[in-house]
Amino acid sequence: MKPSIPKGTRDFSPEEVNKRNFIFDTIREVFVRYGYQPIETPAMEALATLTGKYGEEGDKLLFKILSNGDFLADANKEALAAMDSPKVAASISKRGLRYDLTVPFARYVVMHQNELAFPFKRYQIQPVWRADRPQKGRYQEFFQCDADVVGSGSLMYEAELARIYDEVFAKLGVRVTIKINNRKILAGIAEAAGVADRFMDMTIAIDKLDKIGIEGVRRELESRSMASEAIAAIETMLQTQSLEKLRTLFAGSPTGIAGIEEIETVFSYLGADSLSNEIAFDPTLARGLSYYTGCIFEVKAKDAQMGSIGGGGRYDNLTGNFGLPNVSGVGISFGAERIFDAMEELNLFPEKVLGGIQVLFIAFDAPCHRYAFECVTRLRAAGVACDLYPEPAKIKKQMDYANKRGVPFVVLIGESEMSSGKLTLKNMQSGEQEQLDIQEIVEKF
RNA sequence: GUGGGUGUAGCUCAGCUGGUUAGAGCGCCGGAUUGUGGUUCCGGAGGUCGCCGGUUCAAACCCGGUCAUUCACCCCA
């Protein structure tokens, strides 16, 4: 058979793994410094944990795991006869692959509530799976890097998480815009426009704004048969960048006012000018996931044409689904794959992430090869990553191999080196050579 | 789930309106070079033209199907 991997999945070469680890390590370091602790959850969850949390669309994108054993014995016979795939699936699958890290985290918090100190701050860097049709920047298996805090409603955390975004992207060298809005402001817009009952319709339309423009949003709202004066009112408010002006428009909406005050509080925590990236209030930011209730974030790369590379927000009742009501949480997520793609596109990876060995030993004949093996052992013991070509082959062949591996230095060992103990260390880039003993070589690295 | 593009050597692609043994560049292997690579030169290996069927005297090329892949929409990281 022809080897292949499932669609939407990828193999990673050593170089790619090194680059990805550079991203993960950068994010992890910042998370840890901000007081977040790591947890991990299983790749698969009980299907009941996952279904209904991501909306109708999300449910369709859940990977379901076929039950083991005689699953047909437990299958829903009527559904089978009626060719009702979703119902049949529910009867032959009890588990699914995690779709994001937030819902498993909520489940974790509820299950371990008596062991945790609240507010509980955790980070999690693990793959998630979605049965989406793959396309640019979209895969069926991808890593998310999440930081969330549960058990506090303090807006300090919104500011803290915004700072984390700012710091991580500054370290990675990716210029971004961090957009912030508040679901309560969106609710205020709906209220002030007199369409509070159509909040979700409105939000979905607004979410598309940067793709289809204000005209497109108008058409979208019209097609959802919204009154034209309401649409006009929504448009006016969406184009209001000033919190003060919005406040006057929200005169009759306490929710909207509350949203504005929350944003103002977050900005006051952030202070004026100590951020590396722009953080901007954007009333048109909506975000699809419905569990957000307060501030919402989205991060876009400034120099790459790409969907958002991070997002998050506050959710007042996420653990309510699992029987623990009134616990407020707020979190952010980094889309590692898209950050990778953006950094690759913009050539932002530093040379040093390439990893690999520092030195390759090259021996001229069999006795030298034995001697070289001892040298390699000593260098390794001293903490230097190195390797020895497996046999005393032609020098050209060994040098070619060194080039192919991108090794910065080689050590050449022949009779004279062996007898003098002074090895020839060659810089593969400059071609310079010097005679050094083992100890001197160790000191060079 | 909906709509479009593309499948020819390991990679990137040529291959005219169907017409003999399907090409290039790069890469790979060997040699020129008995202790020094990246340059150059010489030689070599490697392809059921994604798969199945149809049209035709004749198909890499036209038609249908199928699979894969990619882009966009929906949705999203």
Side-chain angles (χ1 to χ4, degrees), chain A residues 1-10 23 27 54-62 85-86 98-102 125-146 165 176 203-205 207-208 210-212 216 220 286-290 297-301 304-312 331-342 360-365 368 389 392-418 423-433 435:
Chain A
M1 68 169 282
K2 228 179 171 176
S4 69
I5 55 173
K7 71 173 167 195
T9 66
R10 297 151 296 161
I23 294 174
I27 293 171
Y54 309 106
E56 220 173 296
E57 287 293 325
D59 281 357
K60 282 191 225 158
L61 301 181
L62 286 174
S85 300
R98 75 165 100 75
Y99 178 92
D100 71 358
L101 300 177
T102 307
I125 298 176
Q126 289 193 278
V128 303
W129 294 268
R130 297 183 188 179
D132 227 342
R133 184 98 72 113
Q135 57 181 274
K136 188 178 179 156
R138 168 182 293 184
Y139 308 96
Q140 294 204 339
E141 176 183 67
F142 60 99
F143 270 75
Q144 287 194 328
C145 313
D146 279 26
Y165 267 143
V176 296
T203 305
I204 290 166
D207 200 26
K208 297 177 189 166
D210 55 325
K211 196 167 269 173
I212 60 180
E220 177 93 17
R287 293 198 55 78
L289 283 179
S290 49
F297 299 102
E298 194 159 287
V299 182
K300 298 209 83 168
Q305 194 64 38
M306 190 168 295
S308 66
I309 55 179
I332 55 171
S333 181
F334 288 83
E337 321 298 334
R338 288 187 181 174
I339 294 171
F340 179 93
D341 289 350
L360 180 78
F361 279 68
I362 290 176
F364 294 124
D365 54 37
C368 294
Y389 196 82
K394 278 192 175 171
I395 306 309
K396 176 175 164 51
K397 199 166 181 179
Q398 302 195 60
M399 295 292 265
D400 278 345
Y401 180 72
N403 281 326
K404 214 178 289 181
R405 281 189 68 170
V407 183
F409 291 91
V410 296
V411 166
L412 298 161
I413 298 184
E415 254 175 68
S416 59
E417 281 84 356
M418 210 164 89
L423 311 183
T424 302
L425 179 73
K426 183 183 176 86
N427 180 323
M428 289 300 275
Q429 212 150 46
S430 66
E432 286 167 32
Q433 299 189 177
Q435 310 298 124

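Keep in mind that what you see is a predicted model, and the values were worked out from it rather than measured. In the text below, chain A, chain B and the rest are named by the order of the sequence lines, each starting its count at 1.
- Counting any heavy atom pair closer than 4.0 Å across all strands shown, Lys426(A) reaches a base atom.
- Shown here, G38(B) forms no base pair; nothing in the strands shown gives a Watson-Crick or G-U wobble contact with both key distances under 3.5 Å.
- Residue contacts for Gly431(A): at a heavy-atom cut-off of 4.0 Å it reaches a base atom on one of the strands shown.
- In the set C76(B), G37(B), C71(B), the nucleotide with an atom closest to the side chain of Arg130(A) is C76(B).
- A donor-acceptor contact under 3.5 Å is not formed by the side chain of Gln398(A) with the base of U36(B).
- C75(B) and U66(B) have their C1' atoms separated by 28 Å, given to the nearest Å.
- Rounded to whole Å, the separation between the P atoms of A45(B) and G23(B) comes to 13 Å.
- Side-chain contact annotation: Tyr139(A) with Asp132(A), donor-acceptor N/O pair under 3.5 Å absent.
- Taking the side chain of Lys7(A) as heavy atoms from C-beta on, and the options U69(B), C75(B), C28(B), the nearest nucleotide is U69(B).
- For C76(B), neither phosphate oxygen OP1 nor OP2 lies less than 4.0 angstrom from any side-chain nitrogen or oxygen of Arg287(A).
- Remark: P of G31(B) and CG of Asp400(A) are 11 Å apart, rounded to the nearest angstrom.
- Ion pairing of Lys396(A) with Asp400(A) is present here, as a side-chain N (NZ or NE/NH1/NH2) and a carboxylate O approach within less than 4.0 Å.
- Annotation: G10(B) and C51(B) have their P atoms spaced 13 Å apart (nearest Å).
- Between the base of C75(B) and the side chain of Arg138(A) there is a donor-acceptor pair shorter than 3.5 Å.
- Between A60(B) and G47(B), the distance separating the two C1' atoms is 11 Å to the nearest Å.
- When the P atom is compared between C13(B) and G7(B), the two are found 10 Å apart, to the nearest whole Å.
- Here the separation of C49(B) from U21(B), taken at their C1' atoms, is 15 Å to the nearest Å.
- At a cut-off of 3.5 angstrom, the base of G38(B) holds no donor-acceptor pair with the side chain of Asn403(A).
- Relative to the side chain of Tyr139(A), the nucleotides U36(B), C71(B), A77(B) differ in distance, and A77(B) lies closest.
- Taking the C1' atom of each, U69(B) and G50(B) are spaced 10 Å apart, rounded to whole Å.
- The residue Gly137(A) sits close to a base: some heavy atom pair falls under 4.0 Å.
- A cation-pi arrangement, defined by a distance under 6.0 Å to the six-membered ring centre and an angle within 45 degrees of its axis, is absent between Arg130(A) and Phe142(A).
- Using a 4.0 Å heavy-atom cutoff across all strands shown, Ile395(A) reaches sugar-phosphate atoms only and no base atom.
- At the heavy-atom level, Gln429(A) lies under 4.0 Å from base atoms of the strands shown.
- Of the candidate nucleotides A77(B), C29(B), A72(B), A72(B) has the atom nearest to the side chain of Lys136(A).
- Tyr401(A) comes within 4.0 angstrom of nothing in the nucleic acid, heavy atoms only.
- Lys300(A) NZ to Ser308(A) OG: the interatomic distance, rounded to the nearest 0.5 Å, is 7.0 Å.
- No hydrogens or angles considered: nothing links the side chains of Gln140(A) and Thr9(A) as a donor-acceptor pair under 3.5 Å.
- The Lys396(A) side chain lies nearest to G38(B) when the options are G38(B), U70(B), C75(B).
- Nearest to the side chain of Glu57(A), among G1(B), C74(B), A77(B), sits C74(B).
- Ion pairing between Glu432(A) and Lys426(A) fails under the 4.0 Å rule for side-chain N and carboxylate O.
- Comparing G37(B), C75(B), G30(B) against the side chain of Lys397(A) picks out G30(B) as the nearest.
- Rounded to an integer number of Å, the gap from Asp59(A) CG to G1(B) C1' is 15 Å.
- Proximity of Lys394(A) to the phosphate of G37(B): no side-chain N or O atom is located under 4.0 Å from OP1 or OP2.
- In this structure, of C76(B), U36(B), C71(B), it is C71(B) that holds the atom nearest to the side chain of Gln135(A).
- If you take atom P in C63(B) and the same atom in U55(B), they sit 15 Å apart, rounded to whole Å.
- Between Phe143(A) and Gly414(A), the residue anchored closer to the 5' end of RNA chain B is Gly414(A), taking for each the nucleotide with the nearest heavy atom.
- Listed by residue number, Arg338(A) are the residues of residues 332-341 of chain A with a heavy-atom contact under 4.0 Å to RNA chain B.
- At the heavy-atom level, Ile413(A) lies nowhere under 4.0 Å from the strands shown.
- Evaluation of atom-type donor-acceptor distances gives a pair under 3.5 Å for the side chain of Glu417(A) against the base of G35(B).
- Contact annotation: Lys208(A) side-chain N/O to C75(B) OP1/OP2 distance is under 4.0 Å.
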